[in-house]
Amino acid sequence: MPQSRPEPEPLSPPSQPGPADLWATVDALQAWLDAGRVHDGLEGLLLRVLKLSEEVGEVAQAVIGATGQNPRKGVTHGWDDVQSELCDVIITALVALRTLTPDAPTVFAGHLARVAERSLGCAGDHRPT
């Protein structure tokens, strides 16, 4: 008989999470997911990372639906749906990064600065001068 898992504690997110609340919210989401996980260790980590593929597929589905590219279905989504699915990809990636390392905010900030330097020629400051 399968062992039942405990119900995760409800998450009380800020009314409008912003940049200051971002990593606190990511931490809370990770804790909520961890409380309900079925697989631990490397398998659990790999499944959390693979969740990104599912979310990216949902973006593709929303774009196809927003542009009516499936002649059998026609227009099934709007661009708001695409925005929402892109946000799900970002959230899923942040939670996966946080699952991989407790230093996710520093890892992400450092990587973003390197990409900005490489792409924009600046250390994260991409405002016009």
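Counting from 1, the numbers follow the sequence of the chain as shown.
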**Student:** Any heavy-atom pair between the side chains of L100 and V107 that's under 4.5 Å?
**Tutor:** no
**Student:** Do V26 and I90 land in one hydrophobic cluster if side-chain heavy atoms of ILVMFWY residues count as linked below 4.5 Å?
**Tutor:** yes
**Student:** With rounding to the nearest 0.5 Å, note down the distance linking OG1 in T101 to CZ in F108.
**Tutor:** 14.0 Å
**Student:** Between T67 and I64, is there a donor-acceptor pair closer than 3.5 Å when you use the side chain of the first and the backbone of the second?
**Tutor:** yes
**Student:** For the OG1 atom of T25 and the CD1 atom of I91, what is their distance to the nearest 0.5 Å?
**Tutor:** 9.0 Å
**Student:** Kindly give the heavy-atom pair with the smallest separation between E85 and E55, and that separation in Å.
**Tutor:** OE1-OE1, 4.0 Å
**Student:** Decide yes or no for R48 and Q30: does some side-chain heavy atom of the first lie under 4.5 Å from some side-chain heavy atom of the second?
**Tutor:** yes
**Student:** Could you give the distance from CG (L45) to CZ (R37), rounded to the nearest 0.5 Å?
**Tutor:** 10.5 Å
**Student:** Is a side-chain N or O of S119 found less than 3.5 angstrom from the main chain of V115, in a donor-acceptor match?
**Tutor:** yes
**Student:** Heavy atoms, side chains only, cut-off 4.5 Å: are E54 and E58 in contact?
**Tutor:** yes
**Student:** Take S84 and D81 through the test side chain to side chain donor-acceptor pair (under 3.5 Å) and record every step on the way to the result.
**Tutor:** CA-CA 5 Å; S84 179; D81 297 314; over 6 Å; no
**Student:** Could you tell me which non-hydrogen atom of V75 sits nearest to which non-hydrogen atom of A66, and how far apart they are?
**Tutor:** CG1-O, 4.3 Å
**Student:** Establish whether W32 and L94 are linked, either directly or via other cluster members, by ILVMFWY side-chain heavy-atom contacts under 4.5 Å.
**Tutor:** yes
**Student:** So how far is it from L46 CG to T99 OG1, rounded to the nearest 0.5 Å?
**Tutor:** 11.5 Å
**Student:** Starting at CG of L112, measure out to CD of E117 and round the result to the nearest 0.5 Å.
**Tutor:** 12.0 Å
**Student:** Distance from E43 atom CD to L50 atom CG, nearest 0.5 Å?
**Tutor:** 10.5 Å
**Student:** Report the hydrophobic cluster partners of V59, with the cluster defined as I, L, V, M, F, W, Y residues connected by side-chain heavy atoms closer than 4.5 angstrom, directly or transitively.
**Tutor:** L52, V56, V63, W79, V82, L86, V89
